[in-house]
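Written out below as structure tokens is the structure these notes cover.
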Amino acid sequence: MTPLPLADRYTRFRDFVFAGVAETSTKLPGLDEPLAELDLQSLWFAGAFGNEFTSTDGKRVRIVDFGVWNSGAGPDFNHCVIEIDGQTKRGDIELDPDARDWERHAHGANPEYARVVLHLFMNAPAETFYTRTLDHQEVPQVRLDLAMLHTDVRPNRGLAAVRIGRCSTPLREMDDARVHSIIESAAQHRLEKKSLRLHRSISAQGREQTIYQAISQALGYRQNQQAFMLLSQRLPIRRLKGLSAEQREALIFGVSGFLEGVKFEDTEPETRGYLRQLWQEWWRMREECARWLEPAQRPHWKLAATRPGNHPQRRLGALTIMLESWDKVSAPLMDATRWSQMAWKETLAALAHEFWSRHYTLLAAPAAKPMALVGESRVQEMLANVAYPLLMPERTRLWAEYLELPALLENQKVSRAVLRLFGESPRGTLFQKKLHHQQGLLQIYEDFCLEDDSACADCPFPERLKEWA
């Protein structure tokens, strides 16, 4: 297989698929306790309330696609498609037991809820209540009633995964080699897109700054990538390299805004010494960064549903120690001829910080034993999103190395894609063992499943799969 140009086979396949397609207070009978919010969500997602409604202002509402049940922070259901008086809208759906929960939970001031296209609730105040987003857009409302339910339905939280797609039938009839060919081609296409983004950034920002920004984003995980990007743009690598290790660390934690809200008396004795060290340098630099400390200017850190080990404070600690060893970290990425996957992984695995190797946050008690600052899954993320997309065009033999990378990361989208494409067949596990399997499945899911507005009914993917040679 010729690895470059990477996108050809998958692009041809995608074009083939789309050829000729136009663009286009509550109790249940038999239950003693009121339904919990999670159970209401489960019933909704199962379609137990139906899919046609009348909004509070009298408009006809039809649910075309119930989307994906969100297990993290933000609206309850993502990637939904609805019709309001025949007009199609795509976005998120929020379900609250009470209409006033929208404001009680500050959804109206939260940018994560800006894409909500429908607000569902069971109870509402007697007076008119409006649902509005951060940019003052009114959100259509539908009031649900248990009378809409069939008497024999029961909540099933297991439905949170995703539905099986029509494409599972033709894929079941395809041999493994053909399925793998499609997935591998999709992975090639995805890698090339990442490569193009990185090399455009190099043209604008320079190679070293691009590497620094990309690694920072990878440390941010899904929830805080944007915040890490903002921080790396405000504190470019050229500026940080000119500082001492103490100054650099103080500046990063100061501009992040995390030093402002921490009180010495709330911290552990060991943490107080560390904070004292940071503030000794930060107070000298704070005035020049004052504008960035205003509430509207600070990075928007997302802390809900974040595992302790992934807390952005700890990830910033990892960034500071990576910068302390920056020559070793960046050199193999600056020059493709110096790349060694094993050596680079060993460099990252050896990173340790006197404070952050034993702490999750500035307020946490020290851990019983040291923890890896850049774990194996984070290294895998950097390989997938930084190293190989950056180096592949310059050293094409790395494609064979990329194909051998194991799949270490758990990914909700990959799980949804596997269930959508393969159903509950154990065959789906065959295509989750390697990193490129995951990347290919993600690309297919994003290109077809997330772009489909018909809940599978009108998606061209299943039929065209049968015809693809």
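Sequential numbering from 1 along the given sequence is applied to the chain's residues.
Ion pairing between Arg338 and Asp335 fails under the 4.0 Å rule for side-chain N and carboxylate O. Residues Arg207 and Glu394 are paired through a salt bridge, judged by an N-O separation under 4.0 Å between the basic side chain and the carboxylate. Using a 4.0 Å cut-off between charged nitrogen and carboxylate oxygen, Arg239 and Glu288 count as a salt-bridge pair. A salt bridge links Glu281 with Arg284: the closest approach of a Lys/Arg side-chain nitrogen to an acidic carboxylate oxygen falls below 4.0 angstrom. In summary, Arg238 and Glu208 do not engage in a salt bridge, as defined by a charged side-chain N under 4.0 Å from a carboxylate O. Taking the charged nitrogens against the carboxylate oxygens, Lys302 and Glu112 do have a contact shorter than 4.0 Å, which makes a salt bridge. Between Arg286 and Glu260 a salt bridge is recorded (basic side-chain N to carboxylate O distance below 4.0 Å).
In this structure the side chain of Lys434 never reaches within 4.5 angstrom of the side chain of Leu405, judged on heavy atoms. Trp282 has its side chain within reach of Val255: a pair of non-hydrogen atoms, C-beta onward, lies under 4.5 Å apart.
Residues passing the side-chain hydrogen bond (donor to acceptor under 3.5 Å, both in side chains) test with Arg62 are Glu83, sequence neighbours excluded. His107 pairs by the ring pair (Phe, Tyr, Trp, His ring centres under 6.0 Å) definition with Trp102, His105, Tyr113, not counting sequence neighbours.
Under the side-chain contact (heavy atoms from CB on, under 4.5 Å) test applied with Trp326, the options Leu240, Ile321, Ile211 reduce to a single match, Ile211.
A side-chain donor-acceptor contact under 3.5 Å links Arg272 to the backbone of Thr267.
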Open item on the list: Determine whether Leu421 and Leu441 satisfy the following criterion, side-chain contact (heavy atoms from CB on, under 4.5 Å), listing intermediate values before the conclusion.
Closed with: CA-CA 9 Å; Leu421 297 173; Leu441 288 167; 3.6 Å; yes

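The shortest non-hydrogen separation linking Ser325 to Leu351 is OG-CD2, 3.8 Å.
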